[in-house]
Participant: 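Have a look at this one.
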Amino acid sequence: QVQLVESGGGLVQAGGSLRLSCAASGRTFSSYAMGWFRQAPGKEREFVAAISLSAGSTFYADSVKGRFTISRDNAKNTVYLQMNSLKSEDTAVYYCAARNFRVVLTTEYDYWGQGTQVTVSS
């Protein structure tokens, strides 16, 4: 099992920034592609960003491209999501996910965190 714990969520005004962190258990963090997803009440979980296991490739949903940045620090077993220029439509529970090796842009990930709430006030 891989255990993921998100942190860094909170309340922020529109235009502000937040940095989410996802700490992973185990010694093989570098073997996993990582993704961030989000889900608002009554809506489907949607892809936000992903990063390959070597950090050589990153991917973003069109709605966040240019505003969000995903990164990883394999030495710290941690993946980050830097969120800038936040909008009210970014309000959701954000989930960290891990998938063995190959990165995908769907919800086909093997492990999920519990989520962290991000609320952006207008």
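Remember, it's a predicted structure, so these values are computed and weren't measured experimentally.
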Participant: At their closest point, which heavy atom of Cys22 faces which heavy atom of Leu4, and how far apart are they?
Facilitator: SG-CB, 3.8 Å
Participant: Are Leu105 and Val64 connected in the hydrophobic side-chain network, where two residues link if heavy atoms are under 4.5 Å apart?
Facilitator: no
Participant: Starting from Phe68, can I reach Ile70 by hopping between I/L/V/M/F/W/Y residues whose side chains sit under 4.5 Å apart?
Facilitator: yes
Participant: Applying ring-ring contact (aromatic ring centres under 6.0 Å, His included), which residue pairs with at least one partner in residues 39-58 are found, sequence neighbours left out?
Facilitator: Phe37-Phe47
Participant: Could you measure the distance from the CD1 atom of Ile51 to the OG atom of Ser57? Nearest 0.5 Å is fine.
Facilitator: 8.5 Å
Participant: So, for Tyr109 and Ala50, which heavy atoms are closest and what is the spacing to 0.1 Å?
Facilitator: OH-CB, 3.7 Å
Participant: What's the spacing between Phe59 CZ and Ser52 OG if we round to 0.5 Å?
Facilitator: 6.5 Å
Participant: Quick one: hydrophobic cluster around Leu53, which other residues, with the 4.5 Å side-chain cut-off, linked directly or via members?
Facilitator: Phe101
Participant: Mind checking side-chain hydrogen bond (donor to acceptor under 3.5 Å, both in side chains) for Tyr94 and listing every partner two or more places apart, or none if nothing turns up?
Facilitator: Arg38
Participant: Who passes side-chain hydrogen bond (donor to acceptor under 3.5 Å, both in side chains) against Gln3, sequence neighbours left out?
Facilitator: none
Participant: List the residues meeting side-chain contact (heavy atoms from CB on, under 4.5 Å) with Val120, not counting sequence neighbours, and say none if there are none.
Facilitator: Val12, Ala14, Leu86, Asp90, Thr91, Val118
Participant: According to salt bridge (charged side-chain N to carboxylate O under 4.0 Å, His left out), who are the partners of Arg45, at least two apart in sequence or on a separate chain?
Facilitator: none
Participant: Sort and list the pairs that fulfil salt bridge (charged side-chain N to carboxylate O under 4.0 Å, His left out) and have at least one residue in residues 102-117, not counting sequence neighbours.
Facilitator: none
Participant: Between Thr107 and Glu46, is any pair of side-chain heavy atoms under 4.5 Å apart?
Facilitator: no
Participant: Do Thr116 and Val93 come within less than 4.5 Å of each other through their side chains, counting heavy atoms only?
Facilitator: no
Participant: Find out whether Trp36 and Cys96 are in side-chain contact, i.e. whether some heavy atom of one side chain is under 4.5 Å from a heavy atom of the other.
Facilitator: yes
Participant: Leu20, Tyr80: one ILVMFWY side-chain cluster at the under-4.5 Å cut-off?
Facilitator: no
Participant: Can you list everything that forms a side-chain hydrogen bond (donor to acceptor under 3.5 Å, both in side chains) with Gln114? Sequence neighbours excluded, please.
Facilitator: none
Participant: For Ser31, enumerate each residue passing the side-chain hydrogen bond (donor to acceptor under 3.5 Å, both in side chains) test, keeping only those at least two apart in sequence or located in another chain.
Facilitator: none
Participant: Find out whether Tyr32 and Val79 are in side-chain contact, i.e. whether some heavy atom of one side chain is under 4.5 Å from a heavy atom of the other.
Facilitator: no
Participant: Would you call Tyr60 and Val48 a side-chain contact if the rule is heavy atoms closer than 4.5 Å?
Facilitator: no
Participant: Mind jotting down which residue pairs meet the side chain to side chain donor-acceptor pair (under 3.5 Å) criterion with at least one end in residues 4-21? Sequence neighbours excluded, please.
Facilitator: Ser17-Asn84
Participant: Is there any salt bridge (charged side-chain N to carboxylate O under 4.0 Å, His left out) pair reaching into residues 69-87, and which pairs are they, with sequence neighbours excluded?
Facilitator: none
Participant: With sequence neighbours left out, what residues match Ser85 under side-chain contact (heavy atoms from CB on, under 4.5 Å)?
Facilitator: Arg67
